[in-house]
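For the numbers below, each heavy atom of this structure counts, side chains included, while hydrogens, waters and symmetry mates do not. This chain uses plain numbering: 1 for the first residue, then up along the sequence.
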Amino acid sequence: GQAQRVRFALAILPDPRLLILDEPTVGLDVDARRRFWSTMGDLTRDGRTVVFATHYLDEADEFADRIVVMDAGHVVADGTGREIKAVVGGRHVTFTGPARDWTTLPGVVAAEARDGRTTLNCADADLALRALLTGPDAAAIRDIEVTAPSLEDAFLSLVARPADQLAA
């Protein structure tokens, strides 16, 4: 973290109009990351341009005005976080309840159970929720969360390859 702070200080010392940063928050603790992004906001409000590469997609989604997703050297998406997440579409409905085949509910595209929780990938979350809460298992359903796909979900969808194309 200290080395990363020194590199950042050296980068802004000459007061550049353009900053190009590679994985700028790697090794920083939570407080240092927050201060870093606050400083980046100050710099961009002063008219500077900041370009950064990162594997922390939550940070890219929160702090970047424009995101470019690359795969194998090719641009596969370019836009705001919201625009890129729209590629995935739908909503995720996560809940605790009985184990069964939830893909039979209307509006559900896929279902995954993990650690006692089920996540439904929904093309129509409203329709799926109505069916979930009025169906035969309704009394056993609890702790429901409805979320939009994350930038990570969009990234994985954009760079997905058939199994026969994956490197060994």
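- Closest approach of Pro14 to Leu10, counting heavy atoms only: CD-O, 3.4 Å.
- Arg114 CZ: 12 or fewer foreign heavy atoms inside a 6.0 Å radius.
- Between Asn121 and Thr119, every side-chain heavy-atom pair lies at or beyond the 4.5 Å cut-off.
- For the atom pair Asp61 CG and Ile84 CD1, the distance stands at 8.5 Å (nearest 0.5 Å).
- A donor atom on one side chain and an acceptor atom on the other are found under 3.5 Å apart for Ser150 and Asp153.
- Within 6.0 Å of the CD atom in Glu152, the count of heavy atoms belonging to other residues, nucleotides or ligands does not exceed 12.
- Minimum heavy-atom separation, Ala53 to Pro24: O-CD, 3.6 Å.
- Here the CG atom belonging to Leu21 is positioned 5.0 Å from the CZ atom belonging to Phe36, to the nearest 0.5 angstrom.
- No side-chain heavy atom of Phe52 sits less than 4.5 Å from a side-chain heavy atom of Met40.
- In this structure, Arg34 fails the cation-pi test against Trp37, since its NZ or CZ atom is not both closer than 6.0 Å to the six-membered ring centre and inside 45 degrees of the ring normal.
- Residue Phe95 forms a side chain to side chain contact (heavy atoms under 4.5 Å, CB included) with just one option from Val146, Asp143, Leu132, and that option is Leu132.
- Atoms CG and OG1, on Asp115 and Thr96 in that order, are 10.5 Å from each other to the nearest 0.5 Å.
- Using a 4.5 Å cut-off on side-chain heavy atoms (C-beta onward), Phe63 and Thr54 make no contact.
- Taking each heavy atom of Ala128 and Cys122 in turn, the nearest pair found is CB-SG, 3.8 Å.
- Heavy-atom neighbours of Asp31 CG from other residues, nucleotides or ligands within 6.0 Å: above the threshold of 12.
- Asp29 places a side-chain N or O within 3.5 Å of a backbone atom of Ala32 that can act as its donor or acceptor partner.
- Note on Ile67: it clusters hydrophobically with Val159, by side-chain heavy-atom contacts below 4.5 Å among ILVMFWY residues.
- Here the straight-line distance linking atom CG of Asp124 with atom CG of Asp126 works out to 5.5 Å at 0.5 Å rounding.
- Between Arg91 and Ala148, the shortest heavy-atom contact is NH1-CB, 3.4 Å.
- Across all non-hydrogen atoms, the minimal contact from Val93 to Ala125 is CG2-CB, 4.2 Å.
- Side-chain contact check for Asp71 versus Leu158: every heavy-atom pair is 4.5 Å or farther apart.
- A salt bridge links Asp78 with Arg66; the closest basic N to acidic carboxylate O contact falls under 4.0 Å.
- Placement of Leu151 and Leu156 within a single hydrophobic cluster is found when ILVMFWY residues are connected by side-chain heavy-atom separations under 4.5 Å, directly or transitively.
- Taking hydrophobic clusters as Ile, Leu, Val, Met, Phe, Trp and Tyr residues chained together by side-chain heavy-atom distances below 4.5 Å, Ile12 shares a cluster with Leu28.
- Residues Thr25 and Arg33 come closest through the heavy atom pair O-NH1, 3.2 Å.
- A donor-acceptor pair under 3.5 Å links the side-chain atoms of Thr80 to the main chain of Glu83, judged by distance alone.
- Looking at heavy atoms from C-beta onward, His55 lies out of side-chain contact with Phe155 at the 4.5 angstrom threshold.
- The closest side-chain heavy-atom distance from Ile144 to Leu133 is below 4.5 Å.
- In the hydrophobic cluster analysis, where Ile, Leu, Val, Met, Phe, Trp and Tyr join through side-chain heavy atoms closer than 4.5 angstrom, Ile141 is grouped together with Leu105.
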